[in-house]
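Single-structure report; data block below.
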Amino acid sequence: MTKEYPPEPLDFFIWTVEDVGMWLEEINLGSYRQIFKENGVNGEYLEGMSMFTTEQILRFIRRCHMKWGDFITLCKELRRIKVACLKGEQKVRRPWWAPSCLSIFFVKVAKRNRQSRVVSLKLEP
C-alpha cells in the first residue's frame, strides 16, 4: 500500500491527472477528482485555464458539473500557487535523477526557470 503525497506546488505545470486529484483533495474539492480524471485535467490543462475564453470556461464548468463557487475556489488556489512561485515562497525539490552534488545549482536554475514561466503566463494575452 503506497501513501499518496501531495504534489509540489512549483511542479503544477507538470502535474499528472493523479497529482491534480490529490491537489483537489487538499483544497476541499475532492468531489471533482473523478470527473477531472475522466476529462484528463492535468497540470498543463490547469496552466492553460488562465487563457480560457468565457465560452471555454462555461464549457469546462458544464463538462465537470462544477458549481460556480467551486470554480472560483479552484481559480483562487491556482492563483495562490502562481503568486507563491513568483515570490519564491515555494521549495524547489531536486529530482531523483540529479546527483546531490548539483543540488544547489539545480535548485537555483529550476527556481529561476519556473518563476520566468509563471511571469510569462501572466503576461500573455
- Message: Could you check whether Phe60 and Phe36 have their ring centres less than 6.0 Å apart?
- Response: yes
- Between the NZ atom in Lys37 and the CG atom in Asn39, the distance rounded to the nearest 0.5 Å is 12.5 Å
- Item | Co-membership, hydrophobic cluster, residues Trp23 and Ile35, 4.5 Å side-chain | yes
- In Å and rounded to the nearest 0.5 Å, what is the SG to CD distance from Cys64 to Gln34? 11.5 Å
- Going by heavy atoms in the side chains, are Val17 and Val41 under 4.5 Å from each other? no
- Query: Would you say the side chain of Tyr32 lies within less than 4.5 Å of the side chain of Val20, judging by non-hydrogen atoms?
  - Reply: no
- Message: I'd like to know if the side chain of Asp70 reaches the main chain of Met66, judged simply by a donor and an acceptor atom lying under 3.5 Å from each other, with no hydrogens or angles considered.
- Response: no
- Item | Side-chain heavy-atom pair Thr54, Ile57 within 4.5 angstrom cut-off | no
- Nearest 0.5 Å please: distance from the CZ atom of Arg80 over to the SG atom of Cys75. 13.5 Å
- When hydrophobic residues are tied together by side-chain contacts of less than 4.5 Å, even through go-betweens, does Ile72 share a cluster with Leu29? no
- Message: Test your reading of the model: is there a side-chain donor-acceptor pair from Asn42 to the backbone of Glu44, 3.5 Å cut-off?
- Response: yes
- Contacts of type salt bridge (charged side-chain N to carboxylate O under 4.0 Å, His left out), residue Glu38, not counting sequence neighbours: none
- Query: Which residues satisfy the salt bridge (charged side-chain N to carboxylate O under 4.0 Å, His left out) test with Arg59, sequence neighbours excluded?
  - Reply: Glu55
- Query: Going from OG1 on Thr73 to CG on Leu78, what distance comes out if it is rounded to the nearest 0.5 angstrom?
  - Reply: 11.0 Å
- Query: Nearest 0.5 Å, what's the CG-CD1 distance between Leu58 and Ile61?
  - Reply: 6.0 Å
- Measure the shortest side-chain to side-chain distance between Arg33 and Met22 over non-hydrogen atoms and say whether it is less than 4.5 angstrom. yes
- Query: Would you say the side-chain atoms of Glu77 pair up with the backbone N or O of Leu74, donor to acceptor, closer than 3.5 Å?
  - Reply: no
